[in-house]
Amino acid sequence: MGRIVTVANQKGGVGKTTTAVNLGASLAAAEKTTLVIDLDPQANATSGLGIDPRPLELSSYDVLIGSREPVDTILPSSIDYLDIMPANRDLAGAEIELVDAQQREKRLNQAITAIRVQYDYIIVDCPPSLGLLTLNALCAADAVIVPLQCEYYALEGLGRLMETISIIRKDLNPTLEVDGVLLTMYDARTSLSDQVAQEVRENFDGRVFQTVIPRNVRLSESPSFGKPVLLYDARSKGSLGYLAFAKEYLEIGH
Ligand SMILES: Nc1ncnc2c1ncn2[C@@H]1O[C@H](COP(=O)(O)OP(=O)(O)OP(=O)(O)O)[C@@H](O)[C@H]1O
Ligand SMILES: [Mg+2]
């Protein structure tokens with residue numbers, strides 16, 4: 001049965017989508033059948049995997065609303081072993097439309113139970129908020145990966161995210177684990193990156209992945225070509241970073 005991993009941090013631009021897409025691609029390269037679920041109305045994971053969200057008639061929105069089965073929305077990516085449940089603009093309305101729905105935080109969980117057996121990993125990309133979409137992703141997940149940018153204020157908001165995770169554990173998803181914090185956009189040329197990395201390791205003793213994702217221009221270029229970095233420039237530091245992260249993730253038994 002597949003492991004469902006949510007990539008969450010309500011802070012914007014910390015590397016959630018880059019992590020979801022490139023961890024997904026790296027796991028697929030290791031021949032793990034992987035599904036990326038795009039739960040962000042910005043649809044960056046969708047376009048980053050080469051699918052234009054604009055003409056899409058079906059998306060993760062339809063699954064959340066309950067009008068479609070996951071299988072109706074899932075598309076193959078250009079990488080073997082990697083599928084995507086895309087997002088489109090419809091998703092922007094989901095938070096409001098689901099406000100009065102019963103078990104509104106459990107929509108994704110209920111919908112994807114049936115497809116778990118088809119994948120080794122299901123990776124959910126979240127929007128930068130702690131709204132209903134992120135709550136659905138956390139309720140559906142076995143575990144969370146929290147990307148943190150090696151910048152000032154990296155830890156800002158993290159307390160609230162951890163509180164939210166505790167509440168969800170108590171009320172809605174008792175088995176939710178925090179797999180760990182992933183340091184992203186590490187810049188070896190600045191001492192700031194080191195300071196932040198050290199501070200984060202002190203705060204999250206033992207729960208920070210060994211692998212650190214470097215700041216690498218190939219990672220920021222690849223989405224505009226609709227490719228994970230592994231297809232865009234396999235030997236770049238960014239690509240090697242995410243391959244190393246996938247290896248670490250597999251080795252620690254996830
Ligand atoms: N390691 C990296 N090196 C260089 N650029 C990066 C790296 N990781 C992410 N980026 C770039 O930084 C920007 C933000 O990254 P990303 O979209 O993954 O963050 P996000 O947390 O998903 O953002 P949002 O909160 O808007 O969804 C993007 O332009 C991305 O290409
Ligand atoms: Mg994103």
Side-chain angles (χ1 to χ4, degrees), residues 5-26 36-51 53 59-60 84-89 91-92 94-95 123-138 144-158 160-161 164 181-190 192-194 196-197 200 208-209 211-246 248:
V5 189
T6 283
V7 183
N9 184 340
Q10 77 273 27
K11 208 166 145 78
V14 297
K16 291 182 288 297
T17 302
T18 305
T19 297
V21 165
N22 292 295
L23 173 62
S26 300
V36 171
I37 297 183
D38 192 346
L39 220 56
D40 183 352
Q42 298 179 96
N44 292 336
T46 303
S47 53
L49 284 171
I51 293 161
S59 72
S60 55
I84 167 105
M85 183 192 288
N88 63 10
R89 291 304 305 178
L91 204 53
E95 304 238 356
I123 301 174
V124 189
D125 185 29
C126 292
S129 79
L130 287 175
L132 200 48
L133 292 169
T134 299
L135 292 184
N136 262 278
L138 291 172
V144 198
I145 291 174
V146 182
L148 271 196
Q149 192 181 353
C150 294
E151 282 291 342
Y152 277 124
Y153 310 121
L155 290 162
E156 196 183 58
L158 216 59
R160 239 188 100 210
L161 176 60
T164 305
V181 169
L182 176 66
L183 292 164
T184 66
M185 300 185 228
Y186 178 86
D187 190 342
R189 293 165 306 177
T190 69
L192 174 64
S193 270
D194 265 335
V196 173
V200 171
V208 184
F209 292 106
T211 309
V212 172
I213 305 299
R215 182 174 282 285
N216 176 246
V217 70
R218 297 307 211 195
L219 275 171
S220 55
E221 288 168 355
S222 57
S224 59
F225 294 90
K227 289 178 179 175
V229 71
L230 195 54
L231 284 192
Y232 176 63
D233 186 348
R235 291 190 197 184
S236 62
K237 286 193 172 156
S239 176
L240 297 177
Y242 276 103
L243 284 169
F245 177 47
E248 178 182 355

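Counting convention: from 1, in listed order, for ligands and their atoms alike. Positions are given from 1, in the same order as the sequence printed here.
Within a 4.0 Å radius of atom 29 (O) of ligand 1, the protein has no heavy atom. Taking a distance limit of 4.0 Å, we find that atom 13 (C) of ligand 1 is approached by no protein heavy atom.
Residue N216 has at least one nitrogen or oxygen atom sitting less than 3.5 Å from a nitrogen or oxygen atom of ligand 1, judged on distance alone. Ligand 1 has no nitrogen or oxygen under 3.5 angstrom from a nitrogen or oxygen of D125. Taking distance alone, with nitrogen or oxygen atoms compared against 3.5 Å, R215 stays at or beyond that limit from ligand 1. At under 3.5 Å, a nitrogen or oxygen of V14, whether backbone or side chain, sits near a nitrogen or oxygen of ligand 1.
At distances below 3.5 Å, not a single donor-acceptor pair connects side-chain atoms of S193 with backbone N or O atoms of A188. T134 places no side-chain N or O within 3.5 Å of a backbone atom of C126 that could act as its donor or acceptor partner. A distance-only check finds a donor-acceptor pair linking the side chain of T46 to the backbone of A87 [under 3.5 Å]. A donor-acceptor pair is defined here as one N or O able to donate and one able to accept, closer than 3.5 Å; no such pair exists between the side chain of S60 and the backbone of M85. Between the S47 side chain and the P53 main chain, no donor and acceptor come within less than 3.5 Å of each other. A donor-acceptor pair under 3.5 Å is formed between the side chain of K16 and the backbone N or O of N9. Here the side chain of S129 pairs a donor or acceptor atom with the backbone of G131 at under 3.5 angstrom. When atom types are taken as modelled, the side chain of S26 and the backbone of N22 share a donor-acceptor pair closer than 3.5 angstrom.
Per-residue contacts place G12 under 4.0 angstrom from the following atoms of ligand 1 (heavy atoms of the residue considered): 25 (O). Per-residue contacts place L219 under 4.0 angstrom from the following atoms of ligand 1 (heavy atoms of the residue considered): 1 (N), 2 (C), 31 (O). Numbered from 1 in the order shown, with element, the atoms of ligand 1 that lie under 4.0 Å from a heavy atom of I213 read 1 (N). For ligand 1, the atoms sitting less than 4.0 Å from at least one non-hydrogen atom of D40 are 27 (O), numbered in the order shown with element in parentheses.
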Stepwise, does the side chain to side chain contact (heavy atoms under 4.5 Å, CB included) test hold for L240 with R235? CA-CA 6 Å; L240 297 177; R235 291 190 197 184; 5.6 Å; no
Apply the test side chain to side chain donor-acceptor pair (under 3.5 Å) to residues T19 and Y242: give CA-CA distance (whole Å), side-chain angles for both, the deciding distance (0.1 Å), then the verdict. CA-CA 8 Å; T19 297; Y242 276 103; 2.8 Å; yes
Test log, rule side chain to side chain contact (heavy atoms under 4.5 Å, CB included), inputs E156 and K11: CA-CA 8 Å; E156 196 183 58; K11 208 166 145 78; 3.7 Å; yes
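Checking T17 against the Mg ion (ligand 2), an N/O/S atom falls under the 2.8 Å cut-off.
With respect to atom 9 (C) of ligand 1, the closest heavy atom belonging to the protein is T18 OG1, 3.3 Å. Counting only heavy atoms of the protein, atom 23 (O) of ligand 1 lies nearest to G13 N, 3.0 Å. For atom 20 (P) of ligand 1, the nearest protein heavy atom (residue, atom name, distance) is K16 N, 3.5 Å. Among all protein heavy atoms, the one lying closest to atom 27 (O) of ligand 1 is Q42 NE2, 3.4 Å. Protein heavy atom in closest approach to atom 17 (O) of ligand 1: T17 CB, 4.0 Å.
Between atom 6 (C) of ligand 1 and the options K11, K237, R218, M185, the minimum heavy-atom separation is to M185. When G48, G238, P214, C150 are checked for heavy-atom proximity to atom 1 (N) of ligand 1, P214 turns out nearest. Within the set S220, S224, P147, A45, the minimum heavy-atom distance to atom 5 (N) of ligand 1 is found for S220.
No donor-acceptor contact under 3.5 angstrom links the side chains of N44 and T17, judged on distance only.
Ligand 1 has G15 within reach: a non-hydrogen atom of the residue lies less than 4.0 Å from it. Heavy atoms of T184 stay at 4.0 angstrom or farther from ligand 1.
Ring geometry for Y232 against F225 counts as parallel: the plane angle stays under 30°, on a 0 to 90° scale with 60° as the upper cut.
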